[in-house]
Amino acid sequence: MANPTKIPFLDLVTPHQELETELLAVVKEAFRSAGFIGGPMVANFEREFAAFCNSKCCVGVNSGTDALRFAFMAAGVEPGNIIITVPHTFIATTEAISQAGAQIAFVDIDEQTYTMDPAKLQQYLETKCEIDSGGGKLIDRASKHRVVGVVPVHLYGQMADMDPILALAHKYNLFVIEDACQAHGAEYFSKKDNAWKRAGSMGKAAAFSFYPGKNLGACGEGGAITTNDEAMAQRMKMIRDHGQAQKYHHDIEGYNGRLDSIQAGWLSVKLRHLTKWNESRRALAHRYHELLAEAKSAVVIPKEAAWTKGVYHLYVVRVPNREALQVYLTEAGIGSGIHYPIPLHLQMAYQHLNYKQGDFPVTERVAAEIMSLPMYPQLQQEQLAEVARKVKEFAAVRVA
């Protein structure tokens with residue numbers, strides 16, 4: 001029989017206990033003012049988060065999925081347009097593409113970073129697409145549909161290699177929407193600009209999720225879009241609020257996709273602690289690196305590219321027999337996760353895309369081996385050491 005979990009995969013209790021006074025003050029203010037939808041708390045958080053991301057504008061919405069969908073809509077996506085992304089991500093990335101009326105095209109990931117491989121993007125653009133001689137638009141040869149955008153996913157807290165992705169997008173007149181739902185505060189060194197850039201500041205827009213387990217998590221659902229395009233931000237504000245430019249004046253059809261005031265107030269409280277929390281995650285990740293280095297023949301630890309400062313939303317290792325390791329850890333009272341076991345191109349939901357096993361070999365190889373170990377700012381050093389010890393213990397037995 002498995003032991004009770006003594007080291008949880010994620011601890012959402014401790015940070016809320018630590019911030020209880022500040023969080024309850026937000027609720028009291030909402031009760032006092034009856035400001036539950038919109039208002040100062042939402043506007044304040046949008047201003048603060050835009051500044052945090054080094055972006056001009058932020059639009060609060062009710063989920064990361066809506067953040068992506070509204071960004072696509074505001075970017076002018078039309079029915080049948082193709083948007084390129086990766087098959088190694090949560091399905092919200094591709095759901096939002098479909099829900100905006102677009103079609104999905106996949107390119108494979110880099111095996112070291114697990115993010116979009118710019119070389120595979122270039123290969124798709126050069127070998128599977130052509131320029132329409134009539135209008136100069138990029139067309140997918142197989143489907144004859146127009147290719148309009150790219151969605152690099154900043155997975156597990158590490159940014160994709162943005163300089164070459166942006167260069168290719170510029171060459172082929174494509175927009176770039178960053179899926180930054182796991183990358184609050186992550187940074188990328190742009191050689192082009194000779195500067196560090198925050199997630200959420202490099203594309204035409206970027207989508208963030210504030211699902212409770214994120215580095216910056218709400219106490220429920222929440223999301224936001226950042227952009228430097230003020231006109232695009234204004235359009236997304238209309239889309240999230242039934243297409244209203246002002247009350248009862250509906251310029252377009254929209255959605256009920258607003259971020260509620262209490263969630264925004266709670267996010268403002270937590271945002272003040274995010275930099276410290278991210279630094280703790282980085283320190284914990286580097287300690288994991290040190291302790292697991294002894295098992296490198298059996299355990300592949302995360303590789304942080306030289307051009308990124310990751311924020312370790314997840315600490316993901318690769319092992320050839322991860323199901324057995326997960327059972328071993330569970331029996332020792334240690335939580336773990338798998339993000340994500342089945343690539344999107346092999347999911348039943350996307351059978352209609354006609355992808356098959358072997359189309360994206362790196363994604364398929366990675367998906368069969370990945371496993372997420374406990375990672376959160378409140379993880380204690382002795383807990384981390386125990387996780388690493390059990391992983392090494394398992395690896396030693398298996399290698400022997």
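Source: prediction; values computed, not measured.
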Under the criterion salt bridge (Lys or Arg N to Asp or Glu O under 4.0 Å), I'd like the reasoning laid out for R318 against E111: C-alpha separation, chi angles, the key distance, then a yes or no.
CA-CA 11 Å; R318 288 173 60 189; E111 192 157 0; 3.2 Å; yes
If you look only at pairs with a residue in residues 252-279, which of them pass as a ring pair (Phe, Tyr, Trp, His ring centres under 6.0 Å), with sequence neighbours excluded?
F70-Y255, H273-W277
For residues Y124 and L344: do they belong to one hydrophobic cluster (side chain heavy atoms under 4.5 Å, members Ile, Leu, Val, Met, Phe, Trp, Tyr)?
yes
CA sep, side-chain torsions, deciding dist, call: E369, R322, salt bridge (Lys or Arg N to Asp or Glu O under 4.0 Å):
CA-CA 6 Å; E369 298 179 346; R322 57 120 182 268; over 6 Å; no
Parallel, tilted or perpendicular for F208 and H184, by the 30°/60° rule?
tilted
Around E253, counting heavy atoms of other residues, nucleotides and ligands shown, do more than 12 lie under 6.0 Å from its CD?
no
Quick check: are there more than 12 heavy atoms from other residues, nucleotides or ligands sitting under 6.0 Å from OH of Y211?
no
Would you say that L291 contacts L384 through its side chain, given a criterion of any heavy-atom pair below 4.5 Å between the two side chains?
yes
A195 backbone acceptor or donor facing D193 side chain under 3.5 Å
no
Looking only at side-chain N and O atoms, does Q99 offer a donor or acceptor that is under 3.5 Å from a partner on E95?
no
Please tell me whether V311 and F90 are part of a single hydrophobic cluster in this structure, the criterion being side-chain heavy atoms less than 4.5 Å apart.
no
Quiz question: by atom type and distance under 3.5 Å, do the side chains of D241 and Q244 form a donor-acceptor pair?
yes
With sequence neighbours excluded, tell me which residues meet side chain to side chain contact (heavy atoms under 4.5 Å, CB included) with Q357.
L346, E364
For W196, which fellow cluster members are found when Ile, Leu, Val, Met, Phe, Trp and Tyr are connected by side-chain heavy-atom distances below 4.5 angstrom, either directly or through intermediates?
F189
Between the side chains of D179 and T93, is a donor N or O closer than 3.5 angstrom to an acceptor N or O?
yes
I'd like to know if E279 pairs up with K276 as an ion pair, taking the criterion as any Lys NZ or Arg NE/NH1/NH2 lying under 4.0 Å from an Asp or Glu carboxylate oxygen.
no
Is there a side-chain contact between Y156 and H313, using heavy atoms and a 4.5 Å cut-off?
no
Non-neighbouring partners of E304 that pass side chain to side chain contact (heavy atoms under 4.5 Å, CB included), sequence neighbours left out:
Q158, R282, H286, T308, K309, Y312
Do T89 and Y340 have side-chain N/O donor and acceptor atoms under 3.5 Å apart?
no
Are F49 and V59 connected in the hydrophobic side-chain network, where two residues link if heavy atoms are under 4.5 Å apart?
no
S55 side chain to T226 main-chain N or O, any donor-acceptor pair under 3.5 Å?
no
If you look only at pairs with a residue in residues 217-232, which of them pass as a salt bridge (Lys or Arg N to Asp or Glu O under 4.0 Å), with sequence neighbours excluded?
K204-D229
State yes or no: do V147 and Y350 share one hydrophobic cluster built from I, L, V, M, F, W and Y residues joined by side-chain heavy-atom distances below 4.5 Å, directly or via other members?
yes
Between E22 and R272, does any NZ, NE, NH1 or NH2 come within less than 4.0 Å of an OD or OE carboxylate oxygen?
yes
pair D108-V86: side-chain heavy atoms closer than 4.5 Å:
no
Using modelled atom types only, decide if a donor and an acceptor are shared between the side chain of H88 and the backbone of I109 within a distance under 3.5 Å.
no
Decide if atom CG of D132 counts as having more than 12 heavy atoms of other residues, nucleotides or ligands within a radius under 6.0 Å.
yes
Checking H154 side chain against A160 main chain: does a donor-acceptor pair fall under 3.5 Å?
yes
Single hit among R141, R146, K137 for salt bridge (Lys or Arg N to Asp or Glu O under 4.0 Å) with E130:
R141
Please check if any side-chain donor atom of S190 sits under 3.5 Å from a side-chain acceptor atom of D163, or the reverse.
yes
Sequence neighbours excluded, the answer for side chain to side chain donor-acceptor pair (under 3.5 Å) partners of K390 is E393
With a cut-off of 6.0 Å (strictly less than), are more than 12 heavy atoms of other residues, nucleotides or ligands near NZ of K128?
no
On the ring face of Y376, is R281 found with NZ or CZ under 6.0 Å from the centre and within 45° of the axis?
no
Report yes or no: do N278 and N215 form a side-chain donor-acceptor pair below 3.5 Å?
yes
side-chain contact (heavy atoms from CB on, under 4.5 Å), that's the test. Do K270 and L19 meet it? Break it down for me.
CA-CA 8 Å; K270 291 183 174 184; L19 299 177; 4.1 Å; yes
Go through the steps to decide whether E187 and K197 satisfy the test salt bridge (Lys or Arg N to Asp or Glu O under 4.0 Å), and finish with yes or no.
CA-CA 5 Å; E187 296 183 30; K197 300 290 187 76; over 6 Å; no
Can you list the steps and then say if E46 with R258 is a salt bridge (Lys or Arg N to Asp or Glu O under 4.0 Å)?
CA-CA 12 Å; E46 289 175 334; R258 299 170 296 221; over 6 Å; no
Under 6.0 Å from the NE2 atom of H352, do we count more than 12 heavy atoms belonging to anything else shown?
yes
I'd like to know if the side chain of Y315 pairs up with that of H289 as donor and acceptor (distance under 3.5 Å, no hydrogens or angles considered).
yes
How about K392: does its NZ atom have over 12 heavy atoms from other parts shown lying under 6.0 Å from it?
yes
Test your reading of the model: is there a side-chain donor-acceptor pair from S261 to the backbone of F36, 3.5 Å cut-off?
yes
Would you say the side-chain atoms of Y355 pair up with the backbone N or O of F106, donor to acceptor, closer than 3.5 Å?
yes
For the pair V391 and V319, evaluate side-chain contact (heavy atoms from CB on, under 4.5 Å) and give the outcome as yes or no after the intermediate values.
CA-CA 10 Å; V391 171; V319 291; 5.5 Å; no
